[in-house]
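In what follows, residues are counted from 1 in the order of the sequence shown.
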Amino acid sequence: GSCVEYCAFANNDGKTCSFEGSSFGACSGVCEKGSCFFVLPDDSTTITFMLTTDNYPKESNWNLTDTSNSLVLASRDAEYYTLANSPYCEQITVEQAGEYQFEIKDDPKFQDGICCSYGQGSYNLYQGNKEIRTGGDFGYSEVTTFTVDDAGTHFPSAAPSPEPSGS
């Protein structure tokens, strides 16, 4: 796709590339040696949802809700995902501190989740670079509740380096 072509241009290593378009902000990666590699942000206000659909992608749907006022911040309705056994990625930035609820749902008629009878679908939910839920075998729906603090915590992606000791 365009991501690969963009990364293949000379001198684009280290530049941001996108995996796929999304009205909530494409999941971004970094160009390296001609390819786009996915990188999770280290900010707790960025929620990343990665979905691999099953044989019936149009049944998958989800919503992200602010529990304090029941306001739906982001969602995808049934019929949105069209490619079977395919990866999708969405990123949502949560604007304020509070408790949030992510719910993934399957068709209410079949209630077979996205794994394992009709394909090996799965999903991963991240808050910043920390995985907060993974699943797929859930029947009709699965709910994950999580908290975002005031400023948005920055998670270190690796252990901090020790300060050099003065002599």
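- Residues satisfying the side-chain hydrogen bond (donor to acceptor under 3.5 Å, both in side chains) test with T145, not counting sequence neighbours, are none.
- Looking only at side-chain heavy atoms (C-beta outward), Y126 and I132 stay at 4.5 Å or farther from each other.
- Nearest heavy atom pair, residue I92 against residue A74, reads CG1-CB, 3.8 Å.
- Between T52 and N124, the closest side-chain pair of non-hydrogen atoms is not below 4.5 Å.
- With hydrogens and angles left out, the side-chain atoms of N85 and D54 include no donor and acceptor closer than 3.5 Å.
- Of the inter-residue distances, the one linking T82 atom OG1 with K58 atom NZ reads 6.5 Å to the nearest 0.5 angstrom.
- For N61, the side chain to side chain contact (heavy atoms under 4.5 Å, CB included) test picks out A78, K105, with sequence neighbours left out.
- A donor-acceptor pair is defined here as one N or O able to donate and one able to accept, closer than 3.5 Å; such a pair exists between the side chain of T53 and the backbone of L83.
- When side chains are defined from C-beta on, I104 does not count as touching Y140, because their heavy atoms never get closer than 4.5 Å.
- Here S68 pairs with D66 under the side chain to side chain contact (heavy atoms under 4.5 Å, CB included) rule; sequence neighbours left out.
- Once rounded to the nearest 0.5 Å, the distance linking CD1 of I114 with CG of N55 reads 11.5 Å.
- Linking Ile, Leu, Val, Met, Phe, Trp and Tyr residues whenever their side-chain heavy atoms come within less than 4.5 Å leaves Y88 and Y56 in two separate clusters.
- Closest approach of P41 and T46 over heavy atoms only: CG-CG2, 3.4 Å.
- Of the N and O atoms on the side chains of E142 and Y123, at least one donor lies less than 3.5 Å from an acceptor on the other residue.
- E99 and T147 share no donor-acceptor pair across their side chains, judged by distance under 3.5 Å alone.
- In the model, W62 has no side-chain atom that pairs as donor or acceptor with a side-chain atom of Y80 under 3.5 Å.
- Taken from CG in L125 to CD1 in I47, the straight-line distance is 6.5 Å, to the nearest 0.5 Å.
- With rounding to the nearest 0.5 angstrom, the CG atom of D106 is 6.0 Å from the OG atom of S60.
- Between P57 and A84, the shortest heavy-atom contact is CG-N, 3.6 Å.
- Residues E95 and T45 form no side-chain contact, since every pair of their non-hydrogen atoms from C-beta on lies 4.5 Å or further apart.
- For the side-chain hydrogen bond (donor to acceptor under 3.5 Å, both in side chains) test, residues two or more places apart in sequence or in another chain that qualify with T48 are Q91.
- T65 is linked by a side chain to side chain contact (heavy atoms under 4.5 Å, CB included) to N63, V72, counting only residues two or more places apart in sequence or in another chain.
- Residue D137 holds its CG atom at 5.5 Å from SG of C115, rounded to the nearest 0.5 Å.
- F102 has its ring centre no less than 6.0 Å from the ring centre of F146.
- To the nearest 0.5 angstrom, T67 atom OG1 is 10.0 Å from L64 atom CG.
- For residues 107-122, there are no side-chain hydrogen bond (donor to acceptor under 3.5 Å, both in side chains) pairs, not counting sequence neighbours.
- Considering only heavy atoms from C-beta on, Y100 stays 4.5 Å or farther from T144 through its side chain.
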